[in-house]
Amino acid sequence: LTHSSRMAGSMTFTTITPDPAIWDRFVTTHPRAHVLQLSAWGDLKAVFGWTPHRVAITDDAGDIVAGALMLFRRLPLRFRGDSAVLSWWR
């Protein structure tokens with residue numbers, strides 16, 4: 001999945017879903033990276049019901065310049081039919 005957009009100026013940024021090896025190389029070489037951004041963390045969280053997604057932005061040369069490991073999980077939403085009281089007749 002990729003998406004390109006041209007920002008102010010002449011640089012084009014592309015949004016990608018990098019494979020784990022490329023993503024982990026970016027994370028381990030970034031000075032502000034954290035271990036909880038590594039692919040292995042997403043894999044571990046997947047065991048507990050989370051769905052990991054790696055999203056990165058690349059520059060014109062195809063180098064990752066920004067990104068995040070995002071974790072998604074379905075919430076157990078429940079609805080009780082008797083939980084609302086309305087006065088429709090007023």
Side-chain angles (χ1 to χ4, degrees):
L1 176 66
T2 63
H3 174 74
S4 295
S5 62
R6 186 162 295 281
M7 302 299 283
S10 63
M11 186 172 278
T12 301
F13 294 100
T14 304
T15 305
I16 65 167
T17 303
D19 67 40
I22 292 171
W23 174 252
D24 288 344
R25 189 170 347 148
F26 169 71
V27 172
T28 56
T29 59
H30 195 283
R32 296 187 56 158
H34 192 277
V35 67
L36 297 183
Q37 287 293 324
L38 290 170
S39 294
W41 178 249
D43 295 342
L44 176 65
K45 294 296 281 183
V47 173
F48 297 97
W50 294 83
T51 303
H53 291 280
R54 293 174 309 279
V55 178
I57 298 173
T58 60
D59 60 12
D60 289 331
D63 296 323
I64 297 175
V65 295
L69 172 66
M70 299 186 298
L71 299 169
F72 296 92
R73 185 174 179 176
R74 281 194 177 265
L75 296 176
L77 298 178
R78 293 188 173 93
F79 174 75
R80 285 185 47 195
D82 63 344
S83 63
V85 178
L86 303 172
S87 297
W88 289 106
W89 58 89
R90 290 188 179 189

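None of the values given here were measured: they were computed from a predicted structure.
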Identified side chain to side chain contact (heavy atoms under 4.5 Å, CB included) partner of Thr58 from the options Asp63, Thr14, Thr15: Thr14
Does Leu71 belong to the same Ile/Leu/Val/Met/Phe/Trp/Tyr cluster as Phe48, with side-chain heavy atoms less than 4.5 Å apart forming each link? yes
Are Ser39 and Leu69 packed together at the side-chain level, in the sense that at least one heavy-atom pair is separated by less than 4.5 angstrom? no
Indicate the atoms forming the closest heavy-atom contact of Asp59 with Phe13, along with that distance. CA-CD2, 4.5 Å
For Trp23 and Gln37, indicate whether the former's side chain and the latter's backbone hold a donor-acceptor pair under 3.5 Å. yes
Transitively linked via ILVMFWY side-chain contacts under 4.5 Å: Leu36 with Ile64? yes
Rounded to the nearest 0.5 Å, what's the gap from CD1 on Ile22 to OG1 on Thr17? Could you check? 11.5 Å
Quick check for you: to the nearest 0.5 Å, what is the distance between Phe72 atom CZ and Thr51 atom OG1? 9.0 Å
Side chain to side chain, Leu38 and Asp43, heavy atoms closer than 4.5 Å: no
Can you give me the closest heavy-atom contact between Val65 and Phe26, atom names plus distance? C-CZ, 4.2 Å
